[in-house]
**Q** 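Dropping a structure here in structure tokens format, bear with me for questions.
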Amino acid sequence: MTLFFSGCATEQERAEERNQIQFLIGVSQANLIEPWRVVMTREIKEEAGKHKHLRVVFTDAAQSSQKQINDVEKLLQQGIDLLIISPNDASVLTPVVAKAYKKIPVIVLDRAVEGYDYTLFIGPDNHSIGKQAGKFVADLLGSRGGNIIEIQGLNGSPPVRDRSEGFQEVIDKYGNIKILDRVAADWQRDKAEDEMKKILKKYPDVDIVFAHNDPMALGAYKATRELGLQGVSFVGIDGLPGANGGLQLVKDGILQGTFTCPTGGKEAVQYAIDILNHEKGIPKKIILRSNKITRDNVALYTDRQNEPVPNVKAKHKIVLGFSQLGRESQWRLANSASIKQAAKDEGIELLFTEADQKQELQIQSIRDFIKQKVDVIAFAPVVEDGWEEVLQEAKTAGIPVIISDRTVNLDDSMYTTFIGADFEEEGRRAARWLVQNMQGRTNVNIVELQGTVGSTPAIDRKKGFEEILREHPQFKIVDSETGDFTRDEGKKVMEDCLRRNGTDIQAVFAHNDDMALGAIEAIEESGLKPGKDIVIVSIDATKNAFNAMLAGKLNCTVECNPLLGPQLMKAVKTLVAGRQLPVRIITSEEVFSQEVARKELPYRKY
């Protein structure tokens, strides 16, 4: 454990330096063996070094979860103001992270712990990286297809699982591509070289090696050269700088390509300072952007920069064009109010339009913003598809685009970031609550009221909800119709469901509170008691939902925070300052049941 102060200084100077320290941050690193983690530690040191009032204590768990638990305990005893931790084993470290979170802010890097007892998670989307690698490998093989060897990192670790699943998901789409074998090499070059030599004796007809990091890809390359094999291509992950880093390996033609996997070290320090200074707009999760690096674009990358940030020139007053999808719900009204107030608070000129849930009106608004040469465009899309042409126009004009609330079905190179909720997790939370609170029942028939067809919340909430129910076959969705996120449609759909199913309905899952409130009206008019005869769980956590819980008519609401204004304005200012944004910024949310409704209602702002 080392506390880093200035090097050549007298004891008096060191004492004076200690007195100037405003914040002490503890960093608990899983290990310092993996090159990627060495870079993470370096980035934390370098970013912290820019702030004279900040000092950092580093610990190395040396791949031991028990040592990392002890390290965290010692850091807490030292009186640190904030903990940054990259867990060795996320599940094992969860309790001590939760313990620390009760005392101080905690930033989790790389591997997310279980639950939500932390301040902020910063890390890559390893499943997405795996999918990107799969698409790249398939493109390299082309119509002829071919054989792949996959070299994984530490066996059983979350990054390995997610990268492999994402990769397999894409490869499964190609009947002429086959993964011959998989082997774990613990992220190490030498072990990958040894394992590759064994594999090549069994499978000499390999076309491509996909390694979960660049050092292992280099080890596999060395193995083929030692055995005199030619014609094998290599793809890695990390894209780190340095003599043997992925960027240089691509430049040298050793790797056909790699995918950047940012460590989050720099961002962790930046957000730590914001958290300690009680800044507004702190999210719950930051998902860092991964970029594909090939010989065609490797020259664009430097030691301190990934993909160039869109050219946004700071002006006397930043101009933001925002296209809101409509006024369909209380959630949307609160979202609009938050954006308007945050722009006012930050001194940002806001050009605000509403599209009445019509995509063509949103597209026209975006084109108008382009003509007006705004600094940044943001919008909440009505549906996922149909945005490529207009976003390409914005990209050509050099205007960065931020997606808010709902996502679009496009490659993330078409926009700078997404700010909003994890809709799949909201669906999972609703299902978990339902399963936990209806335990013991042999048969639970569920009516699902879906949101707007083709919209991200409707797609993802359904997906997350069904994911949990697959583990509990006694819970069955017997009817699922769209209520378009409105109260009137929610009532109408519920009336139809009651006519079709009679009284054989035990639960309702509504994709938002407005539809749940409409369903409550329909259930009451049918002579049944909502919240008792039929259990109801919804998503949004609006004041109206809390009042329904107080009346005993709604059982649970899962929060979907509409107050995105501060985070949006923070992202806009970050862009104007010339910094790259993460690919996704996820808001902080909770689950509320009838038991806590009275206590929490006074704190609801929407």
**Q** Less than 4.5 Å apart, any side-chain heavy atom of N126 and any of P158?
**A**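 Side chain of N126 against side chain of P158, heavy atoms only: no contact under 4.5 Å found.
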**Q** So does S338 get a backbone contact from the side chain of K605, meaning a donor-acceptor N/O pair under 3.5 Å?
**A**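 Checking the backbone N and O of S338 against the side chain of K605, no donor-acceptor pair under 3.5 Å is found.
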**Q** So, are R604 and E559 salt-bridged, with charged N and O less than 4.0 Å apart?
**A**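 Yes, R604 and E559 are salt-bridged.
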**Q** So does K292 get a backbone contact from the side chain of N297, meaning a donor-acceptor N/O pair under 3.5 Å?
**A**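 Present.
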**Q** Would the number of heavy atoms belonging to other residues, nucleotides or ligands and lying under 6.0 Å from NZ of K340 be above 12?
**A**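 Counting other residues, nucleotides and ligands, NZ of K340 exceeds 12 neighbours.
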**Q** Scan side-chain atoms only and decide if E43 and T263 contain a donor-acceptor pair under the 3.5 Å cut-off.
**A**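 Result is yes, a qualifying pair exists.
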**Q** Quick one: are P124 and C261 in side-chain contact, heavy atoms under 4.5 Å?
**A**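 Sidechains of C261 and P124: in contact.
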**Q** Does E389 form a side chain to side chain contact (heavy atoms under 4.5 Å, CB included) with R367? I'd like the steps, not just the answer.
**A** CA-CA 10 Å; E389 184 177 342; R367 287 187 168 132; 3.3 Å; yes
**Q** If every non-hydrogen atom of F121 is compared with every non-hydrogen atom of L109, which pair is closest and at what distance?
**A**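 In terms of heavy atoms, the two residues are closest at CE1-C, 4.3 Å.
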**Q** Under a 3.5 Å cutoff, is there a donor and acceptor pairing between the side chains of Q270 and D274?
**A**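 No, no side-chain donor-acceptor contact under 3.5 Å.
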**Q** Any Lys/Arg nitrogen of E425 or R428 sitting under 4.0 Å from an Asp/Glu carboxylate oxygen of the other?
**A**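 Salt bridge: yes.
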**Q** Report yes or no: does D356 contribute a side-chain atom to a donor-acceptor pair with the main-chain N or O of K358 at less than 3.5 Å?
**A**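 Looks like no, no N/O pair under 3.5 Å.
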**Q** If the threshold is 4.0 Å, N to carboxylate O, is there a salt bridge linking E589 and K285?
**A**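 Salt bridge absent between E589 and K285.
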**Q** Check whether NZ of the Lys or CZ of the Arg K570 lies under 6.0 Å from the centre of the six-membered ring of Y271 and within 45 degrees of that ring's axis.
**A**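 Yes.
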**Q** Check this for me, if you would: do E590 and R429 make a salt bridge, where the nitrogen-to-carboxylate-oxygen distance has to be below 4.0 angstrom?
**A**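 Result for this pair is no, no salt bridge flagged.
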**Q** Any sub-3.5 Å donor-acceptor pair from K284's side-chain atoms to Y118's backbone N or O?
**A**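 Here the side-chain-to-backbone pair exists.
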**Q** Any heavy-atom pair between the side chains of I275 and L82 that's under 4.5 Å?
**A**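 A side-chain contact exists here, since the closest heavy-atom pair is under 4.5 Å.
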**Q** Can you name the closest pair of heavy atoms from W387 and P381 and give their distance?
**A**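 That would be CZ2-CB, 3.6 Å.
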**Q** List the steps, then state whether side chain to side chain contact (heavy atoms under 4.5 Å, CB included) holds for L391 with K395.
**A** CA-CA 6 Å; L391 292 193; K395 192 172 185 178; over 6 Å; no
**Q** Working to the nearest 0.5 Å, report the span between CD1 of I539 and SG of C556.
**A**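 SG of C556 is found 9.5 Å from CD1 of I539.
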**Q** Is a donor on one side and an acceptor on the other found under 3.5 Å between the side chain of T258 and the backbone of I293?
**A**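 Side chain of T258 to backbone of I293, a donor-acceptor pair under 3.5 Å: no, none is there.
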**Q** Does some side-chain heavy atom of K543 sit less than 4.5 Å from a side-chain heavy atom of Q330?
**A**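 SC-SC contact between Q330 and K543 ruled out.
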**Q** Scan D540, D513, D422 and name whichever one has a side-chain contact (heavy atoms from CB on, under 4.5 Å) with C560.
**A**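 When side-chain contact (heavy atoms from CB on, under 4.5 Å) is applied between C560 and each of D540, D513, D422, only D540 qualifies.
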**Q** Between K462 and E466, does any NZ, NE, NH1 or NH2 come within less than 4.0 Å of an OD or OE carboxylate oxygen?
**A**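 Answer for the salt bridge query: yes.
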**Q** How far does CG of D405 sit from CD1 of I339, to the nearest 0.5 angstrom?
**A**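 Here the interatomic distance stands at 8.5 Å.
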**Q** Checking the side chain of N512 only, and the main-chain atoms of M515 only, is there a donor and an acceptor separated by less than 3.5 Å?
**A**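 Yes: the side chain of N512 pairs with the backbone of M515.
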**Q** Is the backbone N or O of G257 less than 3.5 Å from a side-chain atom of T294, with the two atoms forming a donor-acceptor pair by type?
**A**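 No; judged by distance alone, with no hydrogens or angles, the pair does not exist.
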**Q** Mind checking whether F485 and H511 have parallel, tilted or perpendicular rings, split at 30° and 60°?
**A**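 Taking H511 first and then F485, their aromatic rings sit tilted (interplane angle of 30° to 60°).
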**Q** Would you please classify the geometry between the H53 ring and the H51 ring as parallel, tilted or perpendicular, with 30° and 60° separating the classes?
**A**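 Perpendicular: the ring planes of H51 and H53 meet at over 60°.
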**Q** Heavy atoms, side chains only, cut-off 4.5 Å: are L575 and I402 in contact?
**A**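 Result yes, sub-4.5 Å side-chain heavy-atom pair found.
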**Q** Determine whether D368 and Q372 satisfy the following criterion, side-chain hydrogen bond (donor to acceptor under 3.5 Å, both in side chains), listing intermediate values before the conclusion.
**A** CA-CA 6 Å; D368 289 342; Q372 295 172 73; 5.5 Å; no
**Q** How long is the straight-line distance from CD1 of I377 back to CD1 of I370, given to the nearest 0.5 Å?
**A**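 Between I370 CD1 and I377 CD1, I get 4.5 Å after rounding to 0.5 Å.
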**Q** Go through the steps to decide whether E150 and S164 satisfy the test side-chain hydrogen bond (donor to acceptor under 3.5 Å, both in side chains), and finish with yes or no.
**A** CA-CA 8 Å; E150 180 181 349; S164 191; 2.9 Å; yes
**Q** So does R406 get a backbone contact from the side chain of T456, meaning a donor-acceptor N/O pair under 3.5 Å?
**A**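 Looks like no, no N/O pair under 3.5 Å.
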**Q** Is R327 atom CZ crowded by more than 12 heavy atoms from other residues, nucleotides or ligands, each under 6.0 Å away?
**A**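 Atom CZ in R327 is not packed in, count stays at 12 or less.
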**Q** Can you see which heavy atom on G236 is nearest to which on A217, and at what distance?
**A**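 Minimum heavy-atom contact is CA-CB, 4.3 Å.
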**Q** Using a cut-off of 6.0 Å, state whether more than 12 heavy atoms not belonging to E388 lie near its atom CD.
**A**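 Open: at most 12 neighbouring heavy atoms sit under 6.0 Å from CD of E388.
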**Q** Distance-only, no hydrogens or angles: does the E346 side chain make a donor-acceptor pair with backbone N or O of P566 under 3.5 Å?
**A**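 Not a single qualifying donor-acceptor pair exists.
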**Q** Return the minimal non-hydrogen interatomic distance between W331 and T542, and the atom names on each side.
**A**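 Closest approach of W331 to T542, heavy atoms only: N-CG2, 4.4 Å.
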**Q** Please report the interatomic distance CG(D411) to CD(Q132), rounded to the nearest 0.5 Å.
**A**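 Going from CG on D411 over to CD on Q132, the span is 7.0 Å.
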**Q** Could you tell me if the side chain of W36 sits less than 4.5 Å from the side chain of N213, heavy atoms only?
**A**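 Counting from C-beta outward, N213 and W36 never come under 4.5 Å.
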**Q** Taking 4.0 angstrom as the limit, do K266 and E47 come out as a salt bridge?
**A**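 So K266 does not pair with E47 through a salt bridge.
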**Q** Hey, what do you get for CG (N547) to CG (L554), rounding to the nearest 0.5 Å?
**A**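 Reported to 0.5 Å precision, the distance equals 10.5 Å.
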**Q** Could you pull out the closest heavy-atom pair between D214 and L249, with the gap in Å?
**A**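 Closest approach of D214 to L249, heavy atoms only: O-CD1, 4.1 Å.
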**Q** Just so I know, are the side chains of V401 and I366 near enough to count as touching, which here means a heavy-atom distance under 4.5 Å?
**A**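 Contact flag for V401/I366 side chains = no.
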**Q** Do R584 and T407 touch side chain to side chain, with heavy atoms closer than 4.5 Å?
**A**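 In short, these two side chains do not touch, never coming nearer than 4.5 Å.
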**Q** Could you please spell out the steps behind the side chain to side chain contact (heavy atoms under 4.5 Å, CB included) verdict for D488 and K492?
**A** CA-CA 6 Å; D488 289 345; K492 180 181 176 181; over 6 Å; no
**Q** Locate the shortest heavy-atom distance separating Y606 from A541; write the atom from each residue and the value.
**A**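 Shortest heavy-atom separation between Y606 and A541 comes out as CE1-O, 3.3 Å.
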**Q** Kindly indicate, with the supporting measurements, whether the criterion side chain to side chain contact (heavy atoms under 4.5 Å, CB included) is fulfilled by T353 and F379.
**A** CA-CA 9 Å; T353 64; F379 73 107; over 6 Å; no
**Q** Can you tell me how far CG of N176 sits from CD1 of I171, rounded to the nearest 0.5 angstrom?
**A**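 It is 9.5 Å, given to the nearest 0.5 Å.
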**Q** Do R332 side-chain atoms and Q324 backbone N/O form a donor-acceptor pair below 3.5 Å?
**A**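 Side chain of R332 to backbone of Q324, a donor-acceptor pair under 3.5 Å: no, none is there.
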